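Structure first, commentary second.
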Amino acid sequence: MMNLMRPLRQHCAILLMLSLVSVVLLGCKSVTTNDTVDYKSAGAVRGPNLSYPPDLITAQADRRYIVQDGSATMSEYNAAVKKSVQTRKNVMTGIPGMRIARDGERRWLVVEKPAPELYPQIKDFWQENGFLLVIDSPSTGIMETDWAENRAKIAQDFIRSAIGGALDSLYDTGERDRYKTRLEVSKPGETEVYITQRGAIEKCTTDSTGACISTIWTSRPNDPELEAVFLARLMERLGMTQEMARAQVAAPLGPKTPKAKLVQEGVNTAYINVAAGFDRAWRDTGLALDRSNFTVEDRNRANGVYYVRYVNPKDLGDTKGFFTNLFSSKDDSSLKAKKYLVVVKSAGDNSSSVFVQNADGKPENTAAGLQLLTLLTEQMAR
């Protein structure tokens, strides 16, 4: 019996040693990574569905671009691979005239290419970076990702690095991000691309002793540096070298200059005064909408109108806060988003005004209208 047990122990020892070596190698790989952005794939299995927060009532993403369960023939697979390789080959030729434009703290990408040709490439870019699109609207040039977790923020000590791959679900940053991309046609054959980030953070609610009894999701400040990271990555995706893309994004930003001020005339009249011409006011208004709780359904630059929807947190009747059900699986279809028109009007070469109107195009001279103007002013004055 002893002779039989000894080989068994030796066999177990060898297996244990191999397992430890594998763990060490895995740990080394994780520790040496220098990525600052690494979002968890939207297609991975991940507990409760990261559903839309109450501020966003939207149609489902285009199901043609989501992998379905089932089988495919080898010929279909080869055809898909060939198409993907050809697409990448076309992308890697680069786009001439691509550059980063800036205005104070704001950055955006200018590409000498028509928006209809550029849109599919940007869509592929987000999916390649581990995101699922919940808004995919080529007709309006707007796409928005689902909420996702930046796994690069998890501290990579030796133990976590060693077992993180196997026990991935045990570690959570307590933060989520989503990104909105908006394409604007500045002139024929040229497209402006704006990327804006919104974040949420999980916080404790405590009892009288200070102990954490539950957690809720709340909004966290916008992070321009995350926007810059994805602008640089997008430039690489479109054919620019990594060094050139990062250099353009890292160029010094301009000084902070207050550009927007809320003006109230009497009890019922309010608007935003922007110390800039129409082009700049239009751009700043669009970015402010993207970074706030508005959903832009459509826009008409010629008439200076953004058609938006907005869910007021106070209308939700939730005493725990606006983001309480941020990642729950409850159906938000019953929530009613109100429609508004955000109108930008030129008042001269260096002055513009921004008004809020109701869905019928009449002045929204109510407390809700003042609240919306206040939210926009806070973003535009940054």
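Everything numeric here is computed off the predicted structure, so don't read it as measured data.
Using a 4.0 Å cut-off between a side-chain N of Lys or Arg and a carboxylate O of Asp or Glu, Arg182 and Glu144 do not qualify as a salt bridge. Using a cut-off of 4.0 Å between Lys/Arg side-chain N and Asp/Glu carboxylate O, Arg237 and Glu128 are scored as salt-bridged. Contact check on Asp290 versus Arg198 returns no salt bridge, with no Lys/Arg side-chain nitrogen under 4.0 Å from an Asp/Glu carboxylate oxygen. Using a 4.0 Å cut-off between a side-chain N of Lys or Arg and a carboxylate O of Asp or Glu, Arg309 and Asp298 do not qualify as a salt bridge.
A donor-acceptor contact under 3.5 angstrom links the side chains of Glu192 and Tyr194, judged on distance only. For Gln379 and Asn222, the side-chain atoms include no donor-acceptor pair closer than 3.5 Å. If you check the side chains of Ser352 and Ser346, you find no donor sitting under 3.5 Å from an acceptor. Under the 3.5 Å distance criterion, with hydrogens and angles disregarded, a donor-acceptor pair is assigned to the side chains of Lys113 and Gln121. No side-chain donor-acceptor contact under 3.5 Å links Asn129 and Tyr179.
In this view, Arg246 satisfies the salt bridge (Lys or Arg N to Asp or Glu O under 4.0 Å) rule with no residue, not counting sequence neighbours. Evaluation of the ring-ring contact (aromatic ring centres under 6.0 Å, His included) rule for Phe125 yields no partner, not counting sequence neighbours. Arg220 pairs by the salt bridge (Lys or Arg N to Asp or Glu O under 4.0 Å) definition with Glu175, Asp177, not counting sequence neighbours.
Of the possible polar contacts, none joining the Ser351 side chain to the Ala275 backbone as a donor-acceptor pair under 3.5 Å is found.
Judged by the 6.0 Å and 45° rule, Lys339 forms no cation-pi pair with Tyr307.
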